[in-house]
Amino acid sequence: MLIIILLLAALGGGGAWYVWNGMQPAKPGQPVTFTIEKGMGSSEIADLLEDKGIIRKGLFFKGYLKWVKEGSSFKAGTYTAAPGDTYDALIARLNAGDVVKKATVAFTIPEGYTARQIADKLAAAWNQKPEVFLKIIDSGAGLEAVSRLGIPENSQLRHRLEGYLFPETYELVKESTPEQVVEAMLEQLEKKLDSVGGWQAKLKERGLSLHELLTVASLVEREVVVDRERPIVAGVIYNRLDKGQKLEIDATVQYLLDKQKERLYEKDLKVDSPYNTYKNEGLPPGPISSPGLASIKAALEPEASDYYFYVTKKDGSQGHLFGKTYKEHLANIKKSEQN
């Protein structure tokens, strides 16, 4: 009987030692990367940690999770952990979703950039050819935001997504595809529009489509530098449209040129294109640049006035002189040249 008691005591002591030893942190080593997939249970995670050498025994980790009532809130993702990390440290990391930070790419699209300029900017940031992005910008194929925004297909458009790629500073995961990059820019436009209270009702009130709104906003963006003048210029554009008067906006002609000119000549104003507002009445087929939020708001809420003309001041202020009649406009041109 004494021998049996001693054997049971020995077995009990050995079992306790076995459990205690198995729950000790693994031998310290280099950090290991592992991925928790969506839907993985705590039992599978424990086995994975054992396979990666992060813990000694998955069985004991499972038991510990049950004891402390943890494991139900572990978040999917890619983590790093080193052999030797304690159970509590691992649990805290998995609960917090303290995943490995993926490499990102940051880039900035300035307000007023055209689709070509944007494609060049994206190509430089993502080490690609501009044509890769321009092809997506021209077609919009496979992008979910295109249908949500109702971006039209029109053979007259130079680039289908022109004006819809919101100018902003972005930071996206380096693994993003060109399609995902362009989609992110469209989604940013959606967010900015939603930040303008009641924009859809205001659009309906003006009898405009989103495409027309962005077209007007893009004209304002390329024509105006001084923010307080944006609503005034938007008002001038609507005044001329309502009257059936040609817009005669230099920026629409500049859009057609391979290189921006400091001054347009008579021959430039005769270029044959639906975008040339010196030859055609109404708005061009689509936006000529990516407008910022200030220009979008100005196009949505223009300042009412009797102005039909404006000319840039030559005094370095980058502001404009506004006129109600062509006679006033000519006087403003003379005044501007004197400055």
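Residue numbers start at 1 and run along the sequence shown. Since this is a predicted model, take the numbers as computed values, not measurements.
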Strictly distance-based, threshold 3.5 Å: is any side-chain N or O of Glu183 a donor or acceptor partner for the main-chain N or O of Glu144?
yes
| If only atom types and distance count, is the side chain of Arg240 paired as donor or acceptor with the main-chain N or O of Gln245 below 3.5 Å? | no
_Run the side-chain contact (heavy atoms from CB on, under 4.5 Å) test on Ser305 and Asn239 for me, step by step, so that the C-alpha distance in whole Å, both residues' side-chain angles and the decisive distance to 0.1 Å come before the verdict._
CA-CA 8 Å; Ser305 73; Asn239 284 347; 4.0 Å; yes
Between Asp88 and Tyr64 the two heavy atoms that sit nearest each other are OD1-OH, 2.8 Å
Practice item. Decide yes or no for Val236 and Phe309: does some side-chain heavy atom of the first lie under 4.5 Å from some side-chain heavy atom of the second? Key: no
Do Ile136 and Leu143 have side chains that get closer than 4.5 Å, going by heavy atoms? yes
Check your understanding: Taking the six-membered ring of Phe133, is NZ or CZ of Arg116 closer than 6.0 Å to its centre and within 45° of its axis?
Key -> no
Ignoring hydrogens and angles, tell me if any N or O in the side chain of Tyr278 forms a donor-acceptor pair with the backbone of Glu248 under 3.5 Å. yes
For this session: Check the hydrophobic clustering (I, L, V, M, F, W, Y; side-chain heavy atoms under 4.5 Å; chains of links allowed) and say if Leu172 and Leu161 are grouped together.
Result: yes
- Is it the case that Asp315 and Ser317 place a side-chain donor and acceptor less than 3.5 Å from each other? yes
The reported gap from CG in Leu134 to CD1 in Ile118 (rounded to nearest 0.5 angstrom) is 10.0 Å
Exercise. So, do Thr277 and Pro284 sit near enough that their side-chain heavy atoms are less than 4.5 Å apart?
Worked result: yes
Step by step, work out the side-chain contact (heavy atoms from CB on, under 4.5 Å) result for His329 and Phe322.
CA-CA 7 Å; His329 181 54; Phe322 295 90; over 6 Å; no
TODO: Assess the side chains of Asp250 and Tyr255: does a donor N or O sit below 3.5 Å from an acceptor N or O?
DONE: no
Close side-chain approach of Glu37 and Thr35, heavy atoms under 4.5 Å: yes
Note to self: Counting C-beta onward and ignoring hydrogens, is there a side-chain heavy-atom pair between Ile151 and Arg160 closer than 4.5 Å?
What the structure shows: yes
_Atom OH of Tyr310 with >12 non-hydrogen neighbours under 6.0 angstrom_ = yes
The reported gap from CG in Leu186 to CD in Gln188 (rounded to nearest 0.5 angstrom) is 10.5 Å
Query raised in the report: Backbone N or O of Asn95 within a donor-acceptor pair of the Lys75 side chain at under 3.5 Å?
Result: yes
Please determine whether side-chain contact (heavy atoms from CB on, under 4.5 Å) holds for the pair Asp272 and Lys279, giving the CA-CA distance in whole Å, both sets of side-chain angles, and the decisive distance to 0.1 Å. CA-CA 8 Å; Asp272 188 24; Lys279 290 191 70 173; 3.8 Å; yes
Flag if over 12 foreign heavy atoms under 6.0 Å of CG, Asn127 = no
side-chain hydrogen bond (donor to acceptor under 3.5 Å, both in side chains) test vs His320 passes for just one of Lys313, Glu223, Glu229, namely Glu229
In one Ile/Leu/Val/Met/Phe/Trp/Tyr side-chain cluster, 4.5 Å: Ile91, Leu94 = yes
Here the gap from Tyr113 atom OH to Ser289 atom OG, rounded to the nearest 0.5 Å, amounts to 12.0 Å
Is it the case that over 12 heavy atoms from other parts of the model lie below 6.0 angstrom from the CD atom of Glu175?
no
By side chain to side chain contact (heavy atoms under 4.5 Å, CB included), Val99 pairs with (sequence neighbours left out) Tyr79
Report task. Report yes or no: do Val181 and Ile109 belong to one cluster of Ile/Leu/Val/Met/Phe/Trp/Tyr joined by side chain heavy-atom distances under 4.5 Å? Result -> yes
_Using side-chain heavy atoms (C-beta onward) and a distance below 4.5 Å, is Leu122 in contact with Met185?_
yes
From the list Tyr87, Phe74, Trp67, ring pair (Phe, Tyr, Trp, His ring centres under 6.0 Å) partner of Phe61 resolves to Tyr87
N-O pairing of Lys191 and Asp194 below 4.0 Å: no
* Main-chain N/O of Val173 paired with Ser176 side-chain donor or acceptor, under 3.5 Å -> yes
With clusters defined by side-chain heavy atoms of hydrophobic residues (ILVMFWY) lying less than 4.5 Å apart, directly or transitively, does Leu321 cluster with Leu247?
no
Here the gap from Glu190 atom CD to Leu210 atom CG, rounded to the nearest 0.5 Å, amounts to 9.5 Å
Taking the side chain as every heavy atom from C-beta outward, state whether Ile55 and Asp85 have any atom pair closer than 4.5 Å. no
* **Electrostatic pair Glu301-Lys202, nearest N-O below 4.0 angstrom** => yes
Heavy-atom nearest pair, Ala119 first then Ile137, reads CB-CD1, 4.5 Å
- Could you tell me whether Lys52 atom NZ has more than 12 heavy atoms of other residues or ligands within 6.0 Å of it? no
| Where the side chain of Arg93 meets the backbone of Thr80, is there a donor-acceptor pair that is under 3.5 Å apart? | yes
**Report entry** Heavy-atom donor-acceptor pair, His159 side chain to Lys135 backbone, under 3.5 Å
**Finding:** no
Kindly indicate, with the supporting measurements, whether the criterion side-chain contact (heavy atoms from CB on, under 4.5 Å) is fulfilled by Asn276 and Asn280.
-> CA-CA 6 Å; Asn276 187 348; Asn280 306 289; 4.3 Å; yes
Scanning both residues in full, the closest heavy-atom pair of Arg222 with Ala251 reads CB-CB, 3.7 Å
Query raised in the report: How about Arg148: does its CZ atom have over 12 heavy atoms from other parts shown lying under 6.0 Å from it?
Result: yes
| Lys261, NZ: over 12 other non-hydrogen atoms inside 6.0 angstrom | yes
Leu165 backbone acceptor or donor facing Ser290 side chain under 3.5 Å: yes
Q: Please check if Leu49 and Met40 belong to a single hydrophobic cluster, counting links between Ile, Leu, Val, Met, Phe, Trp and Tyr side chain heavy atoms closer than 4.5 Å.
A: yes
- Message: I'd like to know if Asp47 and Lys62 make a salt bridge, using a cut-off of under 4.0 Å between side-chain N and carboxylate O.
- Response: yes
Here the gap from Leu193 atom CG to Leu149 atom CG, rounded to the nearest 0.5 Å, amounts to 7.0 Å
May I ask you to say whether Arg230 pairs ionically with Glu303, meaning some side-chain N is under 4.0 Å from a carboxylate O?
-> no
Subject >> Side-chain (Thr215) to main-chain (His211) donor-acceptor, under 3.5 angstrom >> reply: yes
- Message: Are more than 12 heavy atoms, taken from residues, nucleotides or ligands other than Lys297, located less than 6.0 Å from that residue's NZ atom?
- Response: no
Between the OG1 atom in Thr78 and the CD1 atom in Ile36, the distance rounded to the nearest 0.5 Å is 9.0 Å
Item to complete: Answer yes or no: is there an ion pair linking Lys192 with Glu168, defined by an N-O contact shorter than 4.0 Å?
Response: yes
Under 3.5 Å: donor-acceptor pair, side chain of Glu44, backbone of Gly41
yes
Are the side chains of Pro167 and Pro110 in contact, using a 4.5 Å heavy-atom criterion?
no
